[in-house]
Number of protein chains: 2
Amino acid sequence: MAKTTIRDVARLAGVSPSTVSRSLRGIGGLSAGTVSRIKEAAEHLGYSVSPAAYRLATGRTGTVAVVMPYITRWFFAELLGGLEKAVREGGLDLLLYHVGDTAMRQQYFSSGLLRKRVDGVVLVTLALTEPEVAALRALDVPVCMVGAAVEGFSSIRIDDVESARSAVQHLVNLGHTDIAIISGDPHEPMHFTVPLHRRAGYHEALASAGLMARPELEAHGPFTVEGGYSATVKLLGRRKLPTAIFAECDEMAFGALRALERVGLRVPEDVSVVGFDDHPMSSYFGLTTMAQDVADQGRLIGERLVEAVMAPAEPRPVQLNAPTHLVVRHTTAAVGRRPERRSGPAGGRTRPSPSKLPPGGDEQPAGPPELTGARQRRKETIP
Amino acid sequence: MAKTTIRDVARLAGVSPSTVSRSLRGIGGLSAGTVSRIKEAAEHLGYSVSPAAYRLATGRTGTVAVVMPYITRWFFAELLGGLEKAVREGGLDLLLYHVGDTAMRQQYFSSGLLRKRVDGVVLVTLALTEPEVAALRALDVPVCMVGAAVEGFSSIRIDDVESARSAVQHLVNLGHTDIAIISGDPHEPMHFTVPLHRRAGYHEALASAGLMARPELEAHGPFTVEGGYSATVKLLGRRKLPTAIFAECDEMAFGALRALERVGLRVPEDVSVVGFDDHPMSSYFGLTTMAQDVADQGRLIGERLVEAVMAPAEPRPVQLNAPTHLVVRHTTAAVGRRPERRSGPAGGRTRPSPSKLPPGGDEQPAGPPELTGARQRRKETIP
DNA sequence: GTCCACTACGCAAGCGCTTGCGTGAACCGA
DNA sequence: TCGGTTCACGCAAGCGCTTGCGTAGTGGAC
């Protein structure tokens with residue numbers, strides 16, 4: 001059972017291997033009777049074509065690679081989920097490559113680790129060097145990118161600059177003038193562009209509001225809770241305190257909230273915070289944030305790649321633009337005053353006694369945090 | 001460049017393809033001069049063996065599959081990260097399979113989707129049926145499991161029962177007698193065993209403390225923040241309120257904290273909460289939890305699989321036991337009284353004025369939450 | 001100088017599948 | 001009834017690599 005070949009099927013069906021191949025491959029010119037006899041025999045023997053032989057004969061691997069700099073971080077895991085689904089539904093296998101550092105990038109791109117191994121590849125948030133792009137082109141397979149774009153490759157991305165600008169504009173609209181940013185380190189070795197773009201959007205918003213960009217309002221750290229925490233601590237140690245903080249991603253915003261809480265600053269009364277991504281925990285924190293649908297981006301680019309891999313002639317690359325929209329929750333308020341209405345103790349400020357527990361009845365109709373806590377929610381969608 | 005074959009190399013080096021193959025493969029019996037000439041030629045041409053041909057000729061795929069029911073959830077993403085690293089370092093490729101529902105399981109196991117496609121597979125937290133086990137054995141490749149164990153397969157897992165028991169025992173030790181559990185749905189279709197085991201540990205702890213298991217202290221939900229939130233809401237809607245809650249995973253615990261906060265119950269003054277996993281955000285919440293090192297489990301089982309795949313004769317399967325340990329933070333306290341000493345506003349109770357900001361100096365030595373907020377931390381390690 | 005045991009390498013047969021080309025049989029109209 | 005199509009399928013040549021076996025060439029022992 002483990003090693004039935006096409007010949008076994010052919011023999012059982014009383015035909016030649018080539019006929020079996022054609023039948024299984026759905027190539028015409030076969031009589032209906034033969035086809036069904038073959039299908040039956042194949043089924044009976046539990047036959048499945050040997051991928052290795054198929055690959056060698058056709059040159060097609062039926063496999064695509066996804067290479068990403070992180071796996072465990074929310075954005076990447078989420079994207080991978082959407083991608084896997086699309087690729088699987090397209091009938092392709094998904095090879096996972098993690099590029100931890102620049103040395104590994106060398107391996108993956110320059111040396112042909114991917115060569116002859118995949119029919120397509122998707123790169124996630126990788127800012128490629130010229131040699132890397134050249135190596136990728138030499139692969140001669142469709143390449144898709146998310147969070148970046150290169151001439152000749154399909155891509156999907158949000159408009160980081162405009163989205164960040166819009167997030168910061170929200171703070172401006174609330175009257176804030178001392179708006180800080182906690183951003184990714186602009187000098188990390190992988191040269192991610194996301195931090196750069198979001199920072200640019202921050203500066204754009206400031207400029208268009210006639211505000212000066214002041215270095216003491218900027219702090220860096222990795223895109224993690226701890227990164228946001230320590231960046232905020234840096235911010236708080238400086239002379240001038242901001243009344244609002246723009247975090248380049250939600251994880252950093254969580255860290256910021258934590259740091260603010262620890263020094264006794266209230267959010268949003270003392271400091272407004274806006275994040276970026278709409279991480280699932282954001283609704284939990286009531287975090288105002290610029291939302292994007294990451295799983296959907298994975299799905300879309302996955303479908304695009306499947307299409308390109310399957311198509312006889314490679315279709316023109318497309319540059320997709322994923323939408324973002326501001327989700328206003330409870331971490332932002334007009335400068336200097338309390339938010340208009342708060343739904344319950346969302347900020348942990350008021351503490352009703354336990355007697356305010358929901359009245360009896362086993363199935364209290366209290367939905368998830370997002371639903372019940374979204375009184376003053378609002379959306380603004382960007383292209 | 002994209003299609004240099006072994007023959008090109010052979011020609012350049014002035015030898016036969018078989019000699020090139022032996023040389024590249026490191027098989028002895030070749031003169032040093034020939035070897036270096038071949039290496040040089042190969043390098044010059046940028047040659048790399050065709051995986052497809054290699055596979056067809058040897059029957060080895062150089063690839064392993066990891067199949068998991070979730071990708072985006074923390075545990076799985078984390079595990080995948082450790083796994084990928086180990087597998088990559090072992091020189092193997094990693095194929096990612098997501099089994100969403102039981103129908104897909106059918107596909108993956110019964111139909112030989114994996115057959116002839118991989119040299120090994122690792123299953124994550126999948127409770128296999130007999131036919132599935134049989135299908136897996138029929139693959140005739142090493143199989144590794146995490147979070148489960150099957151005779152003949154290597155595995156790594158924590159002791160869920162004992163760890164859960166120990167977590168609940170912590171609550172018992174604090175004097176709690178009304179201890180609730182929010183657990184995974186025992187009747188979900190995938191038959192995950194983790195919720196079952198952790199629930200069993202909960203019951204063991206109760207029993208050994210002479211406490212009755214009361215159904216009104218149990219609520220179910222998926223292993224997510226929202227699952228924990230809604231399960232807790234159910235709990236709070238019942239007649240008798242618990243003084244402590246054991247959440248089967250940290251995400252659920254986060255949801256529980258949120259639900260408690262929303263009804264004005266203080267943690268840990270009114271209700272203690274203990275989670276399971278030590279999710280990175282747990283230190284952020286000050287959550288007391290039963291910690292496990294998931295990435296390390298991925299690494300270990302990955303190395304194990306590599307070993308088994310590479311070995312000429314398959315080594316005996318091993319059952320690894322990963323340790324867990326209780327991390328006591330700020331969400332648990334003795335029943336009916338305030339915690340002894342709290343480090344700052346960790347629970348969000350006291351609100352010092354902004355004047356209590358860290359004194360000047362740009363680099364306040366305030367580490368990540370874990371470090372500065374761990375005054376009353378303690379560890380207990382389980383085998 | 002002969003014989004033998006190595007050494008270092010080439011030959012060729014696969015691995016299991018695809019596919020261009022070729023061919024016998026069935027089928028058509030005349 | 002017959003030549004020409006069309007249909008349905010078989011042949012065999014690869015795809016690029018590995019490997020068991022065979023064999024020139026080399027060196028040493030006699």
Side-chain angles (χ1 to χ4, degrees), chain A residues 1-39 41-42 45-63 91 112 115-119 140-141 310 312, chain B residues 1-39 41-42 45-63 112 115-119 140 310 312:
Chain A
M1 173 177 181
K3 39 181 28 179
T4 65
T5 82
I6 200 173
R7 271 212 303 261
D8 301 321
V9 178
R11 206 170 309 144
L12 213 188
V15 295
S16 77
S18 36
T19 303
V20 174
S21 173
R22 276 188 267 261
S23 159
L24 262 30
R25 201 136 303 293
I27 295 175
L30 299 198
S31 79
T34 309
V35 168
S36 73
R37 234 172 42 248
I38 290 173
K39 287 234 186 308
L45 295 176
Y47 170 79
S48 62
V49 319
S50 150
Y54 172 84
R55 287 170 199 197
L56 184 53
T58 63
R60 312 191 64 255
T61 66
T63 303
R115 184 152 52 233
K116 296 186 256 183
R117 206 170 283 265
V118 294
D119 291 339
D140 198 33
V141 299
M310 295 311 214
Chain B
M1 173 177 181
K3 39 180 29 177
T4 65
T5 82
I6 200 174
R7 271 212 302 263
D8 301 322
V9 179
R11 205 171 309 145
L12 214 188
V15 295
S16 78
S18 35
T19 303
V20 174
S21 174
R22 276 188 266 261
S23 159
L24 262 31
R25 203 136 301 293
I27 294 175
L30 299 197
S31 78
T34 309
V35 168
S36 74
R37 237 173 40 250
I38 290 174
K39 285 235 186 307
L45 295 175
Y47 170 78
S48 61
V49 319
S50 151
Y54 173 83
R55 287 170 199 195
L56 184 53
T58 64
R60 313 191 63 255
T61 67
T63 302
R115 184 152 55 233
K116 296 187 259 185
R117 207 170 282 265
V118 294
D119 291 339
D140 198 33
M310 296 311 214

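Lettering follows sequence order; numbering is per chain, from 1. Values below: all heavy atoms of this structure, side chains included; hydrogens, waters and symmetry mates excluded.
In this model, the phosphate group of C:dT18 is approached by a side-chain N or O of A:Ser21 to a distance below 4.0 Å at OP1 or OP2. Considering only side-chain N and O atoms, B:Thr34 lies under 4.0 angstrom from the phosphate OP1 or OP2 of C:dC9. The phosphate of D:dC15 has neither OP1 nor OP2 within less than 4.0 Å of any side-chain N or O from B:Tyr54. OP1 and OP2 of D:dC7 both lie 4.0 Å or more from every side-chain N or O belonging to A:Ser31. When the side-chain nitrogen and oxygen atoms of A:Ser16 are compared with OP1 and OP2 of D:dG10, one or more of them lie within a distance under 4.0 Å.
Looking at the side chain of B:Ile6, the nearest of the listed nucleotides D:dT18, D:dC11, C:dC17 is D:dT18. The side chain of B:Lys116 sits closest to C:dC17 out of C:dC17, D:dC21, C:dT18. Each of D:dC17, C:dG10, C:dC17 was ranked by its minimum atom distance to the side chain of B:Ala57; first place goes to D:dC17.
Among the heavy atoms of the strands lying under 4.0 Å from A:Ser50 are primed sugar atoms or P, OP1, OP2 only; no base atom is included. Across all strands, B:Arg22 comes closer than 4.0 Å to base atoms (heavy-atom distances). Residue contacts for A:Val20: at a heavy-atom cut-off of 4.0 Å it reaches no nucleic acid atom on any strand shown. Counting non-hydrogen atoms under 4.0 angstrom, B:Thr5 reaches the backbone sugars and phosphates but no base.
Taking atom CG of residue A:Leu56 and atom C1' of nucleotide C:dG16, one finds them 9 Å apart after rounding to whole Å. Across the protein-nucleic acid pair, B:Arg37 atom CZ and C:dA8 atom P stand 13 Å apart, rounded to whole Å.
Each of B:Ile6, B:Ile38, B:Val35, B:Ile27 was scored for a side-chain contact (heavy atoms from CB on, under 4.5 Å) with B:Thr19, with one residue passing: B:Ile38.
Position along DNA chain C of the nearest nucleotide to B:Pro17 versus B:Ala53 favours B:Pro17 as the more 5'-ward residue.
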